[in-house]
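What follows is a single structure, written as structure tokens, with notes after it.
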Amino acid sequence: MMTEIIRADAAAVSDDRLRAAAEALAAGEIVAFPTETVYGLGANAHIDASVHRIFALKGRPQDNPLIVHLPDRDGLSELVCDIPDAFDRLYRAFCPGPLTFVLPKKETVSDIVSAGLDTVAVRFPSQPVANRLLRLAGVPVVAPSANLSGRPSPTRAWHVLEDFEGRIPYVIDGGDTEVGVESTVLDLTSAHLRILRPGIITAADILARTGLEIDPYVAIPGERPRAPGMKYRHYSPRAEVLLVSGRGEALREAVVARLAEREDKRIGIFINAADWAKLAETVDTDRVIPYTFDPARPVTEATHHLFDALRTLDRRGVDVILAETMDDPAAEGYMNRLTKAAGTPGQPLA
Ligand code: TXA
Ligand code: MG
């Protein structure tokens with residue numbers, strides 16, 4: 001199969017460019033598209049065979065449910081039976097945007113979508129190309145991150161092509177995704193609102209903007225995660241990923257110590273540009289390949305670049321990737337993805 005790449009400018013979305021892909025999507029084809037978080041692999045949620053195809057293409061475990069994407073809340077009552085008050089407050093504050101709601105599902109939602117759960121996850125992407133595509137398609141669209149299961153999520157069109165070129169008919173290229181990690185998943189099915197997957201919107205943001213108290217995300221070792229996807233090893237490049245912690249001098253010392261331990265290896269480093277500038281004066285730049293981010297907004301920039309850094313450094317053939325940790329509370333989503341990327345191969349993570 002030839003994969004057609006449709007270039008779509010988020011600043012000036014053209015319906016004409018998206019129409020063929022939107023029609024194909026509604027008719028049951030698979031279309032990859034940009035969102036504000038990561039690229040999604042889209043299928044019509046009403047066509048079971050297309051939803052099955054998504055699982056097959058990704059090599060995704062059948063017990064991991066999908067998020068249904070809508071352009072706005074108009075189509076929501078077709079999918080869920082009970083819309084709690086908290087939903088309205090959250091929708092007004094954060095939607096469209098990188099927040100996913102887990103709600104009690106109606107029978108109209110196929111068990112394949114929800115992986116047999118009695119809930120369904122729904123989100124309203126703000127990225128203009130995604131929003132327009134969903135409107136033109138006119139159907140609810142399931143869209144997991146457009147990566148092979150276990151690989152880093154895609155934040156550029158080439159990441160999607162790396163995993164799916166020749167296997168899907170359309171990739172819509174909308175450039176870099178803004179956020180860089182997937183949406184915050186929020187469980188609204190009990191009185192105790194709870195974050196099931198951390199993202200750029202944190203419990204503190206939700207409290208500040210809506211007054212709603214949310215249990216922050218905690219991974220309890222041994223407990224079955226409420227978002228089934230959280231139990232799998234994830235986001236892994238081919239290279240081994242090691243974390244380096246500390247600020248300034250302490251961070252640079254941690255890097256130098258790691259480099260000394262692995263003298264015979266090619267090493268990639270994902271680090272802020274200020275510390276790299278100092279390190280570059282001393283380390284052996286023949287075997288060390290940097291991927292740097294802007295230190296002026298470290299959490300935003302590190303989050304934006306993480307998955308691209310993992311794939312880019314892999315392509316450069318490094319054996320090991322050293323990646324800077326962040327202790328800022330806003331970096332919860334970043335640290336969640338990074339620690340998973342550094343997980344032990346073959347080990348499911350609780
Ligand atoms: O930002 C995003 O959410 C991206 C873009 C493409 O929209 N999508 C995404 O989908 O990250 P995916 O399939 O890669 O991750 C969905 C996560 C998984 O951890 C899954 O287990 C959880 O959401 N999830 C889906 N439905 C659920 C449900 N009914 N209850 C609990 N967790 C659910
Ligand atoms: Mg995913």
Side-chain angles (χ1 to χ4, degrees), residues 30-43 45 51 54-55 57-71 79-80 94-106 109-127 129-131 133-134 140-155 159-160 163 171-172 174 177-190 194-201 217 219 224-236 303 307 333 336-337 340-341 348-349:
I30 308 300
V31 175
F33 62 96
T35 80
E36 69 278 23
T37 55
V38 301
Y39 277 75
L41 194 63
V51 180
I54 293 276
F55 282 91
L57 278 165
K58 281 181 61 87
R60 182 179 178 100
Q62 295 285 342
D63 69 349
N64 192 5
L66 302 172
I67 298 174
V68 180
H69 295 60
L70 295 172
L79 306 175
V80 309
F94 295 105
C95 295
L99 185 60
T100 292
F101 304 93
V102 173
L103 292 159
K105 88 173 180 90
K106 274 195 175 157
V109 179
S110 155
D111 278 341
I112 309 163
V113 171
S114 63
L117 300 176
D118 53 11
T119 57
V120 62
V122 186
R123 113 169 180 84
F124 312 90
S126 60
Q127 209 276 11
V129 174
N131 192 274
L133 180 75
L134 292 169
V141 169
V142 291
S145 50
N147 54 279
L148 294 171
S149 242
R151 299 271 298 139
S153 296
T155 56
H159 302 167
V160 180
D163 288 4
V171 173
I172 302 174
T177 63
E178 186 190 338
V179 176
V181 296
E182 303 88 337
S183 60
T184 302
V185 177
L186 190 57
D187 180 10
L188 296 187
T189 59
S190 75
R194 169 138 101 122
I195 290 181
L196 305 183
R197 178 177 71 181
I200 201 79
I201 297 175
Y217 174 72
R224 186 173 182 275
R226 304 269 309 273
M230 298 301 283
K231 70 174 178 278
Y232 296 106
R233 177 173 155 78
H234 227 136
Y235 313 119
S236 307
T303 306
F307 290 137
N336 171 266
R337 304 316 187 270
K340 289 203 169 201
L349 290 163

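What you see is a predicted model; the values in this text were computed from it and never measured. The analysis underlying the following values was restricted to heavy atoms, covering all of them including side chains, and did not include hydrogens, waters or symmetry mates. For ligands, and for the atoms within them, numbers begin at 1 and follow the listed sequence.
Under the side chain to side chain donor-acceptor pair (under 3.5 Å) criterion, Thr189 pairs with Asp187, not counting sequence neighbours. By the ring-ring contact (aromatic ring centres under 6.0 Å, His included) test, Phe33 is found to be paired with no residue, residues two or more places apart in sequence or in another chain being considered. Contacts of Thr177 classified as side chain to side chain donor-acceptor pair (under 3.5 Å), with partners at least two apart in sequence or in another chain: none.
For atom 7 (O) of ligand 1, the closest non-hydrogen atom on the protein side is His69 NE2, 2.6 Å. Looking at atom 18 (C) of ligand 1, its nearest protein heavy atom turns out to be Asn64 OD1, 3.7 Å. The protein heavy atom nearest to atom 27 (C) of ligand 1 is Pro65 CG, 3.4 Å. Scanning all protein heavy atoms for the shortest distance to atom 15 (O) of ligand 1 gives Arg197 NH1, 3.0 Å. The protein non-hydrogen atom at the shortest distance from atom 22 (C) of ligand 1 is Ala227 CB, 4.0 Å. Summary of contacts: the protein heavy atom closest to atom 10 (O) of ligand 1 is Pro144 CA, 3.4 Å. Among all non-hydrogen protein atoms, the one lying nearest atom 3 (O) of ligand 1 is Ser183 OG, 2.6 Å. Looking only at protein heavy atoms, the nearest one to atom 5 (C) of ligand 1 is Thr37 OG1, 3.6 Å.
Taking CZ of Phe55 as the reference point, atom OG of Ser149 lies at 9.5 Å (rounded to 0.5 Å). One distance of note links CG of Leu79 with CG of Leu70; it measures 5.5 Å at 0.5 Å rounding. A distance of 13.5 Å separates CG of Asp163 from OH of Tyr39, quoted to the nearest 0.5 Å. From Ile54, atom CD1 reaches atom CG of Leu66 across 7.0 Å, with rounding to the nearest 0.5 Å. Rounding to the nearest 0.5 Å places OG1 of Thr303 at 4.5 Å from CD1 of Ile200. Distance OG/Ser114 to CD1/Ile67: 13.0 Å, rounded to 0.5 Å.
With a 4.0 Å heavy-atom cut-off, ligand 1 is reached by no atom of Lys105. Looking at Asp187 against ligand 1, nothing comes within 4.0 Å, counting heavy atoms. For Arg60, every heavy-atom contact with ligand 1 shorter than 4.0 Å involves the side chain, none the backbone. At a heavy-atom cutoff of 4.0 Å, ligand 1 is contacted by the side chain of Val102 but not by its backbone.
Residue Ala143 approaches ligand 1 through these ligand atoms, each under 4.0 Å from one of its heavy atoms: 6 (C), 8 (N), 10 (O). Close approach of ligand 1 to Leu117 (heavy-atom distance below 4.0 Å) involves ligand atoms 28 (C), 29 (N), 30 (N). Against a heavy-atom cut-off of under 4.0 Å, Thr119 is close to the following atoms of ligand 1: 28 (C), 29 (N), 30 (N). Interface atoms of ligand 1 facing Ala121, defined by a heavy-atom separation under 4.0 Å, are 25 (C), 26 (N), 27 (C), 29 (N). With ligand atoms numbered from 1 in the order given, ligand 1 contributes 31 (C) to contacts under 4.0 Å with heavy atoms of Leu196. Of all atoms in ligand 1, numbered sequentially from 1 with element shown, those under 4.0 Å from a heavy atom of Gly40 are 6 (C). For ligand 1, the atoms sitting less than 4.0 Å from at least one non-hydrogen atom of Glu182 are 1 (O), 2 (C), 11 (O), numbered in the order shown with element in parentheses. In summary, the atoms of ligand 1 found under 4.0 Å from a heavy atom of Arg123, numbered by their order in the structure, are 1 (O), 2 (C), 3 (O), 5 (C), 7 (O).
When each of Glu182, Arg123, Gln127, His69 is paired with Thr35, the side-chain hydrogen bond (donor to acceptor under 3.5 Å, both in side chains) condition holds for Arg123 and for no other. Between Thr184 and the options Ile195, Thr100, Leu196, a side chain to side chain contact (heavy atoms under 4.5 Å, CB included) holds for only Ile195. Tested against Thr119 for a side chain to side chain contact (heavy atoms under 4.5 Å, CB included), the candidates Val109, Leu188, Val102 yield a single pass: Val102.
Around the Mg ion (ligand 2), the protein atoms of type N, O or S found under 2.8 Å away are Ser145 OG, listed by chain and number.
The shortest distance between side-chain heavy atoms of Ser183 and Glu36 does not fall below 4.5 Å.
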Pair Asn147-Lys58, side chain to side chain contact (heavy atoms under 4.5 Å, CB included): steps then yes or no: CA-CA 7 Å; Asn147 54 279; Lys58 281 181 61 87; 3.6 Å; yes
Between Phe124 and Leu99, does the side chain to side chain contact (heavy atoms under 4.5 Å, CB included) criterion hold? Intermediate values first, please. CA-CA 8 Å; Phe124 312 90; Leu99 185 60; over 6 Å; no
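Remark: the Ser153 side chain and the Arg337 side chain contain no N/O donor-acceptor pair separated by less than 3.5 Å.
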